[in-house]
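Report on the structure given below.
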Amino acid sequence: MRRVAVIGILVVAALEAIALRAGAPAASLIAVGASAAVVIFAMRRTVDAAPAAGEVAAPLNSQEEMLRRWRLRTETLVSWADGSCADWDRHLRPLLAREFVHVSGPRAPLGHAEIDAAGAAMFGADLWRWVDPAGARAGDPDGPGPGRGALERILTRLEQL
């Protein structure tokens, strides 16, 4: 856009100088007005065609956009698995606990002891501690989380139901 504006200003100034040098002030007014209109039109086309700063051009297909968003969200969730225990507790544990309740369906137990027993039976004691909704650590939140391997094993167990 800057280039269009600079070129436009130079063209308008050159036409003005030529018209004034020729001694035709009326022709100068017409030439400058017409060239200014062309420059303004060109600048408007440039602004309308370019996306705003930080804005991504919309994809052609809404399915492509949905797939892009799903991939981005999945990559973010997987990156939290490799993060700290605080990241796991804040982002993955609630999601996995909801999925466990959803997968276990109407047969889900009501009390915490029953939920613990069902979760330990489904995942095993080593994985259940990472899914248990009440199992958020009070210890070192900056310690390493269980990692992608544990997330993969948990998701595999959830898929088997």
Side-chain angles (χ1 to χ4, degrees), residues 1-13 35-161:
M1 184 170 119
R2 265 189 205 163
R3 184 172 35 180
V4 171
V6 169
I7 291 171
I9 290 171
L10 290 175
V11 166
V12 169
S35 60
V38 169
V39 169
I40 291 172
F41 179 72
M43 287 178 58
R44 171 134 187 207
R45 279 189 62 192
T46 305
V47 169
D48 288 344
E55 191 176 300
V56 178
L60 299 175
N61 189 347
S62 63
Q63 289 179 346
E64 290 174 6
E65 174 66 12
M66 288 178 6
L67 180 61
R68 186 187 66 77
R69 287 182 183 180
W70 178 83
R71 281 185 179 162
L72 182 63
R73 185 169 189 270
T74 302
E75 289 170 3
T76 304
L77 286 172
V78 170
S79 71
W80 282 324
D82 288 334
S84 66
C85 286
D87 289 336
W88 183 279
D89 290 341
R90 188 176 308 116
H91 301 288
L92 290 171
R93 184 183 303 273
L95 180 69
L96 295 171
R98 271 193 308 268
E99 286 299 316
F100 169 66
V101 170
H102 178 71
V103 166
S104 57
R107 64 180 190 268
L110 298 175
H112 184 67
E114 291 86 12
I115 291 175
D116 276 345
M122 180 175 164
F123 294 105
D126 60 328
L127 292 178
W128 173 242
R129 68 187 182 114
W130 296 108
V131 178
D132 183 9
R137 286 192 191 189
D140 181 21
D142 295 327
R148 290 181 190 209
L151 179 62
E152 186 177 335
R153 291 192 312 266
I154 291 168
L155 293 175
T156 302
R157 301 257 173 97
L158 282 170
E159 286 176 351
Q160 289 174 350
L161 290 180

**OP:** Please name all residues satisfying side chain to side chain donor-acceptor pair (under 3.5 Å) with W80, sequence neighbours left out, ordered by chain then number.
**Re:**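 W80 satisfies side chain to side chain donor-acceptor pair (under 3.5 Å) with no residue once adjacent residues are dropped.
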Interatomic spacing from [atom1] in [X] to [atom2] in [Y] - rounded to 0.5 Å:
| X | Y | atom1 | atom2 | value |
| --- | --- | --- | --- | --- |
| T76 | D87 | OG1 | CG | 11.5 Å |
| L92 | S79 | CG | OG | 8.5 Å |
| E99 | L95 | CD | CG | 6.0 Å |
| R68 | S62 | CZ | OG | 12.5 Å |
| M122 | L158 | CE | CG | 4.5 Å |
| L151 | L77 | CG | CG | 8.0 Å |

Any idea which heavy atoms bring [X] and [Y] closest together, and the distance?
| X | Y | value |
| --- | --- | --- |
| W130 | L96 | O-CD1, 4.4 Å |
| D82 | G147 | OD1-CA, 3.7 Å |
| G124 | R157 | N-NH1, 4.0 Å |

**OP:** Walk me through it: do R71 and E75 pass the test salt bridge (charged side-chain N to carboxylate O under 4.0 Å, His left out)?
**Re:** CA-CA 6 Å; R71 281 185 179 162; E75 289 170 3; over 6 Å; no
Subject >> Partner residues of P94 under the side chain to side chain contact (heavy atoms under 4.5 Å, CB included) criterion, sequence neighbours left out >> reply: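 Testing P94 for side chain to side chain contact (heavy atoms under 4.5 Å, CB included), a comparison that skips the adjacent residues, returns R98.
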Original post:
Do side-chain atoms of D132 reach the backbone of D116 as a donor and acceptor pair under 3.5 angstrom?
Top reply: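 Such a contact is absent between D132 side chain and D116 backbone.
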Subject >> Flag, side chain of R93 to backbone of A134, donor-acceptor distance under 3.5 Å >> reply: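 Looks like no, no N/O pair under 3.5 Å.
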Original post:
Where does the angle between the aromatic ring planes of F123 and W128 fall among parallel (under 30°), tilted (30 to 60°) and perpendicular (over 60°)?
Top reply: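 Aromatic pair F123/W128 classed parallel.
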